[in-house]
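Order of the sequence lines sets the chain letters (A, B, ...), proteins ahead of strands, with each chain counted from 1.
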Amino acid sequence: MTKDLSLNALQANGIRCQESLSMTGKPVLHYFNGRGRMESVRWLLAAAGVEFEEKLFENHEEFEKLIQGGTLMYEQVPMVEIDGMNLVQTRAILRYIAAKYGLYGRSLEEQAWIDMYVEGLRDLSDMIMFFPLSLPEEKEMNLEYILHRATTRFFPAYEKALRDNKQHFLVGNRLSWADVQLLEVILMVEECKAGVLSGFPLLQDFKVRTSQIPTIKRFLQPGSQRKPPLDDESIGTVKDIFKFEQGMFLKNMSTIVAEY
Amino acid sequence: MEAKPKLYYFQGRGRMESIRWLLAAAGVEFEEEFLETREQYEKLLKDGRLLFDQVPLVEIDGMPLTQSRAILSYLAAKYNLYGKDLKERLRIDMYTDGTLDLMIMIAQAAFKPPKEKEESYALIVKRAKTRYFPVFEKILKDHGEDFLVGNRFSWADIQLLEAILMVEELSAPILSDFPLLQAFKARISNIPTIQKFLQPGSQRKPPPDGHYVEVVRNVLKF
């Protein structure tokens with residue numbers, strides 16, 4: 001007699017089955033309840049029209065439990081369960097998703113340009129990510145630094161890229177990972193200072209157009225899995241979970257100031 | 001015949017060293033222009049070849065490539081060192097992101113004041129011993145193959161060897177608990193292109209010293 005091991009049969013037999021979220025086939029994101037490094041992954045999946053689930057830990061003990069579970073290769077998050085694997089390292093995760101869903105260009109050359117553009121965007125978004133960890137007396141100076149970099153190093157490069165490509169996209173003639181992340185970061189910088197795009201007409205145009213793409217438009221609406229910026233309470237939570245100290249902004253800027 | 005790739009950077013490791021390793025391991029000859037003055041850097045800026053005003057810059061296939069990770073991915077793909085499919089590429093990305101994080105910590109430590117530099121080195125050795133090297137020892141143990149991914153030489157192997165040698169410069173006995181990594185180190189070092197790169201006179205650069213730090217600070221003004 002063969003055993004029917006289907007979920008229905010097990011449940012019918014009153015056997016409690018530990019249902020893993022991944023049984024639904026959707027990717028599962030493991031992180032805390034905030035943007036951090038996982039936000040770019042949320043954006044990319046959403047833009048690709050891929051539904052995903054999230055397991056969000058809320059304190060240090062839950063994070064420790066995840067580490068003890070042995071699914072984090074370097075004991076770090078983000079971690080994404082997808083296609084039977086536990087992916088770590090944000091870039092590796094993003095590249096896999098981009099390639100899988102056709103958002104990584106159509107040639108090696110296009111891929112190289114996408115990689116260059118997203119590296120720049122990561123540098124800028126890292127600065128914004130660490131900003132809440134500024135020492136209070138350094139907040140104003142750090143904000144000025146971020147805005148200066150955004151408007152003199154990064155935005156000009158992307159404005160030029162759009163101008164040179166003569167398309168509605170950064171690379172080639174269709175939406176790529178670079179476009180999704182550019183919109184994400186534009187909105188983040190605007191949260192630091194409204195009107196920061198004045199002087200960049202093509203970026204303004206890009207922002208409006210890209211926001212209208214149906215999957216992205218949906219992600220931008222309230223109720224989506226997009227996360228808000230950190231408020232004071234959640235900064236406290238983040239510091240507790242990851243054991244961060246105040247003053248980490250300047251400490252980490254050396255990783256971002258220049259490639260040297 | 002294809003023109004040789006040309007590398008623009010300081011005469012030291014920094015963020016260009018992993019690129020030198022990859023090209024050398026792939027048996028690709030390359031040229032280098034070393035940044036020694038502010039004027040040289042400003043000329044690169046004016047010529048518009050630095051996307052975000054940053055080096056490394058690698059001119060290859062008619063493109064000015066910047067951002068070391070973008071450059072490394074391009075080269076790995078171009079020279080068939082990136083696995084045979086998306087899943088292998090993913091594993092290579094996860095492994096190289098880890099070893100690159102470790103090596104960047106080492107590169108940055110050179111720019112810190114003496115006390116902080118010592119603390120950084122201690123942390124790096126600890127991370128290598130408890131976070132990174134155990135992962136690779138286990139990978140080799142689990143599949144029993146000679147290379148990290150797909151039973152074939154890849155970018156992941158090159159970069160792991162590079163990272164091992166860099167950490168050994170900080171702590172010679174670092175591999176004492178990792179027998180498979182010791183065997184890996186010997187095996188990969190013996191690959192002819194890599195053996196050549198490890199010999200004196202190659203384009204491999206020495207660890208950063210005071211002079212290197214001074215040049216970088218002067219050129220980039222920080």
Exercise. In terms of heavy-atom contacts, does NZ of B:K205 have more than 12 from other residues, nucleotides or ligands at under 6.0 Å?
Worked result: yes
For this session: Sort A:K100 into side chain, backbone, both or neither according to what part of it lies under 4.5 angstrom from a heavy atom of chain B.
Result: both
Seminar exercise, completed: For A:A92 and B:L90, the nearest pair of non-hydrogen atoms, with its separation, is O-CD1, 3.7 Å
Exercise. Which residue out of B:A77, B:P134, B:G98 racks up the most heavy-atom pairs below 4.5 Å with chain A?
Worked result: B:G98
Exercise. So does A:E51 have more than 12 non-hydrogen atoms from other groups sitting under 6.0 Å from CD?
Worked result: no
Exercise. If you draw a 6.0 Å radius around NZ in B:K126, do more than 12 non-hydrogen atoms from other residues or ligands fall strictly inside?
Worked result: no
Exercise. What's the spacing between B:R131 CZ and A:E75 CD if we round to 0.5 Å?
Worked result: 6.5 Å
Exercise. Can you name the closest pair of heavy atoms from A:A99 and B:R89 and give their distance?
Worked result: CB-NH2, 3.3 Å
Exercise. Is there side-chain contact between B:S73 and A:R95, with heavy atoms separated by less than 4.5 Å?
Worked result: yes
Problem set entry | CD (A:Q68) with more than 12 external heavy atoms under 6.0 Å | yes
Problem set entry | chain B contacts, top residue of A:P156, A:G120, A:A161 (heavy-atom pairs, under 4.5 Å) | A:G120
Exercise. So which part of B:P64 gets closer than 4.5 Å to some heavy atom of chain A, the side chain, the backbone, both or neither?
Worked result: both
Exercise. Distance from A:Q89 atom CD to B:D101 atom CG, nearest 0.5 Å?
Worked result: 5.0 Å
Problem set entry | Sidechain-backbone polar pair: A:Y74 side chain, B:M94 backbone, donor-acceptor under 3.5 Å | yes
Exercise. How far apart are the closest heavy atoms of B:K87 and A:D83, and which atoms are they?
Worked result: NZ-O, 3.5 Å
Exercise. Could you go step by step and tell me if B:K78 and A:L108 meet the side chain to side chain contact (heavy atoms under 4.5 Å, CB included) rule?
Worked result: CA-CA 8 Å; B:K78 184 181 159 89; A:L108 190 53; 4.1 Å; yes
For this session: Can you tell which part of A:I114 gets under 4.5 Å to a heavy atom of chain B, answering side chain, backbone, both or neither?
Result: neither
Seminar exercise, completed: Minimal heavy-atom distance between A:M116 and B:L65, with the atoms involved, is CE-CD2, 3.4 Å
Exercise. Does atom NZ of B:K6 have more than 12 heavy-atom neighbours from other groups under 6.0 Å away?
Worked result: yes
For this session: Would you give the length of the straight line joining atom CZ of A:R153 to atom CG of B:L51, rounded to the nearest 0.5 angstrom?
Result: 10.5 Å
For this session: Below 4.5 Å from any heavy atom of chain A, which atoms of B:F136 appear? Answer side chain, backbone, both or neither.
Result: side chain
Exercise. Below 4.5 Å, heavy atoms only, C-beta onward: do B:R91 and A:M85 meet side chain to side chain?
Worked result: no
For this session: Find the distance between CG (A:D115) and CG (B:L72) and round it off to the nearest 0.5 Å.
Result: 10.0 Å
Exercise. In terms of heavy-atom proximity below 4.5 Å to chain A, should B:K138 be classed as side chain, backbone, both, or neither?
Worked result: neither
For this session: Evaluate the side chain to side chain contact (heavy atoms under 4.5 Å, CB included) criterion for residues B:Q67 and A:V118: first the C-alpha distance (whole Å), next the side-chain angles of each, then the deciding distance (0.1 Å), finally the verdict.
Result: CA-CA 10 Å; B:Q67 298 293 329; A:V118 300; over 6 Å; no
Exercise. Of A:Y117, A:F155, A:F154, which meets ring pair (Phe, Tyr, Trp, His ring centres under 6.0 Å) against B:F52?
Worked result: A:F154
Problem set entry | Any side-chain heavy-atom pair of B:L86 and A:Y96 under 4.5 Å | yes
Problem set entry | Nearest heavy atoms of B:A70 and A:A112, plus distance in Å | CB-O, 4.2 Å
For this session: Taking atom CD of A:E137 as the centre, report whether more than 12 heavy atoms of other residues, nucleotides or ligands fall under 6.0 Å from it.
Result: yes
